[in-house]
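Report on the following structure.
Since the model is a prediction, treat every value here as computed from it, not as a measurement. These values consider heavy atoms only, across backbone and side chains, with no hydrogens, waters or symmetry-generated copies. Just so it is clear: chains get the letters A, B, ... in the order the sequence lines come, proteins before strands, and each one is counted from 1.
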Number of protein chains: 2
Amino acid sequence: MVTKQFSGSADEADLRRADSLAREIFSDVANKWALLIIEALGERTLRFSELRTAVEGISHKMLTQNLRMLERNGLVGRTVHPTVPPRVDYALTEPGRGLLVTVDAMCEWTHRRLADIDEARRRFGG
Amino acid sequence: MVTKQFSGSADEADLRRADSLAREIFSDVANKWALLIIEALGERTLRFSELRTAVEGISHKMLTQNLRMLERNGLVGRTVHPTVPPRVDYALTEPGRGLLVTVDAMCEWTHRRLADIDEARRRFGG
DNA sequence: CAGGATCCGCCCGGATACTG
DNA sequence: CAGTATCCGGGCGGATCCTG
């Protein structure tokens with residue numbers, strides 16, 4: 001379970017708040033685009049336009065939307081250079097780096113299991 | 001990147017196939033309900049109805065849909081007991097257990113960063 | 001170049017009813 | 001109890017246009 005990992009002397013109301021917060025964060029973060037953005041920023045700081053090509057298939061709208069969300073949660077930092085034309089850099093924060101570790105693990109798992117899954121699908125019939 | 005981690009003497013076409021497969025798997029797996037189901041099955045084998053209550057908020061339809069998907073990818077095994085009323089058990093396969101490790105890490109990360117994110121949100125303004 | 005705003009089609013996902 | 005089928009509304013997400 002995502003929730004109910006805290007116990008002890010805390011107030012019940014506090015626990016419920018923590019629970020709903022945890023679920024909210026999980027819902028935010030456990031989505032394809034967010035994780036792909038995190039992964040892309042894992043290598044290095046990227047500009048908006050760079051992210052757009054780094055995360056293949058993402059639309060303008062989804063990119064901004066997810067970037068705002070990640071920024072709101074303090075996982076991605078945003079640096080605006082007051083130049084013309086404007087330049088905006090996105091980079092993982094330290095909490096963001098923590099998440100990156102698990103995303104990396106997930107990507108690695110995907111590749112390690114590629115063959116198994118391919119075969120499983122064939123057996124399943126598709 | 002999710003893709004392009006293989007290199008060497010393989011055929012270009014093979015690489016592209018592996019890439020698109022990896023993206024497909026990632027899209028399948030990197031969604032809220034799938035991860036919550038994996039997490040729930042991490043503790044023990046569960047019946048359909050048990051999963052329904054274990055994964056809070058999931059609808060009948062989403063549960064079956066995601067279970068089929070996970071089964072198709074060979075991450076979750078399905079055991080039908082020919083009794084009446086019918087009983088169906090769902091359990092992680094060995095590849096599924098591998099994914100569980102990373103999901104667990106993600107949940108742990110969520111809880112570890114709860115306070116930081118809470119504060120980040122407040123600073124962001126909301 | 002970054003990104004807000006708007007329109008809108010399509011599909012996700014919930015509710016319900018029905019079968020084995 | 002487990003699962004499929006159908007209907008349908010809300011929202012996701014793409015395309016486009018516009019600002020600084």
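- Scanning both residues, A:Thr45 and A:Glu50, for their nearest heavy atoms gives O-OE1, 4.3 Å.
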Verdict with supporting geometry, A:Phe26 and B:Thr110, side chain to side chain contact (heavy atoms under 4.5 Å, CB included): CA-CA 7 Å; A:Phe26 198 85; B:Thr110 304; 4.2 Å; yes
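- The salt bridge (Lys or Arg N to Asp or Glu O under 4.0 Å) pairs that include a residue from residues 82-98 of chain B are A:Arg113-B:Glu94, B:Arg87-B:Asp89, where partners are two or more places apart or lie in different chains.
- Taking atom OH on A:Tyr90 and atom C1' on C:dA2, their separation rounds to 7 Å, with Å as the unit.
- Under a 4.0 Å N-O distance rule, the pair B:Arg68/B:Glu71 qualifies as a salt bridge.
- Using a 4.0 Å cut-off between charged side-chain N and carboxylate O, B:Asp118 and A:Arg17 make a salt bridge.
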Reading nucleotides 12-20 of chain C from 5' to 3' and marking B where a protein heavy atom lies under 4.0 Å of the base, S where only the sugar-phosphate is that close, and - otherwise, the string is -BB-----B
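- Heavy atoms of A:Arg52 sit nowhere under 4.0 angstrom from any nucleic acid atom.
- In this view, A:Arg52 satisfies the salt bridge (charged side-chain N to carboxylate O under 4.0 Å, His left out) rule with no residue, not counting sequence neighbours.
- The salt bridge (Lys or Arg N to Asp or Glu O under 4.0 Å) contacts involving residues 25-35 of chain B comprise A:Arg121-B:Asp28, where partners must be two or more places apart or lie in separate chains.
- Side-chain nitrogen and oxygen atoms of A:Ser49 include at least one within less than 4.0 Å of the OP1 or OP2 phosphate oxygen of C:dA2.
- Protein chain A contacts DNA chain D over a range whose 5' and 3' limits, counting nucleotides with an atom under 4.0 angstrom from a non-hydrogen atom, are D:dG13 to D:dG20.
- Close to C:dA2, at under 4.0 Å from its OP1 or OP2, lies a side-chain N or O of A:Arg47.
- Taking the ring-ring contact (aromatic ring centres under 6.0 Å, His included) definition, one finds that B:His60 meets it with B:Phe48, sequence neighbours left out.
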